[in-house]
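Here the structure is laid out as structure tokens; the discussion comes afterwards.
Since we're looking at a predicted model, the values are computed, not measured. One is the number of the first residue; the rest follow in order along the sequence.
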Amino acid sequence: DVIVDMVCYRRNGHNELDQPAFTQPRLYREISRHPPTLKIFEKKLLDEGTMTQEEIDEIKQFVMQSYEKDFEASKTYVKKDTDWLANRWTGFKGPSQYSRIRPTGVDIETLRKIGIQSGTVPPDFKL
């Protein structure tokens with residue numbers, strides 16, 4: 001048997017307006033000290049001799065050029081009615097539609113207790 005304990009995160013939050021250090025300061029202090037996944041993978045490839053720095057740089061340059069090409073193409077993009085999935089899938093909600101609020105059946109105090117508990121670091125847990 002194997003247990004995998006994995007913590008997944010977005011280094012810069014969910015979007016450009018989100019600052020995860022406000023809601024998870026301890027976790028994101030540690031994350032800021034941790035090398036990015038790309039750096040870890042590059043080091044592994046270099047250390048095991050799988051790739052050279054020149055090969056890595058070539059791939060990174062190719063990817064960035066691809067991004068730039070697509071970005072430039074986006075400036076002249078003309079929207080089609082069939083672009084949004086709601087036009088193809090009847091009943092699929094578009095980005096400006098909201099689902100109606102439904103009662104969950106869970107008492108608000110229970111939800112508060114769960115929220116507080118899920119965001120509390122146990123005193124014996126070392127980050």
Can a donor-acceptor pair be found, under 3.5 Å and without considering hydrogens, that links the side chain of T120 to the backbone of I116?
yes
Short question: side chain of S118, backbone of I114 - any donor-acceptor pair under 3.5 Å?
yes
Specify the closest pair of heavy atoms between R11 and H34, including all atoms of both residues, with the distance to one decimal.
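Nearest heavy atoms, R11 then H34: NH2-O, 2.8 Å.
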Is there a side-chain contact between L45 and E55 in this structure, where contact means two heavy atoms from C-beta onward sitting under 4.5 Å apart?
no
Please enumerate all residues that pass side-chain hydrogen bond (donor to acceptor under 3.5 Å, both in side chains) together with [X], with sequence neighbours excluded.
| X | value |
| --- | --- |
| K113 | none |
| Q65 | none |
| E58 | none |
| S74 | none |

Quiz: residues 20-29 side-chain donor-acceptor pairs under 3.5 angstrom, not counting sequence neighbours:
{"residue": "T23", "atom": "OG1", "partner": "P20", "partner atom": "O", "Å": "3.3"}
{"residue": "Y28", "atom": "OH", "partner": "R10", "partner atom": "O", "Å": "3.0"}

Cluster link L46 to I59, ILVMFWY, side chain under 4.5 Å:
yes
Out of curiosity, does M51 fall in the hydrophobic cluster containing F41 (side-chain heavy atoms, cut-off under 4.5 Å, transitive links)?
yes
Rounded to the nearest 0.5 Å, the CG atom of D47 sits from the NZ atom of K44 at a distance of 9.0 Å
I need the E48 CD to K43 NZ distance, nearest 0.5 Å.
11.0 Å
Set of residues satisfying salt bridge (charged side-chain N to carboxylate O under 4.0 Å, His left out) with respect to K75, sequence neighbours excluded:
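Applying salt bridge (charged side-chain N to carboxylate O under 4.0 Å, His left out) to K75 gives E72.
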Cut-off 3.5 Å, side chains only: do D57 and Q61 have a donor facing an acceptor?
no
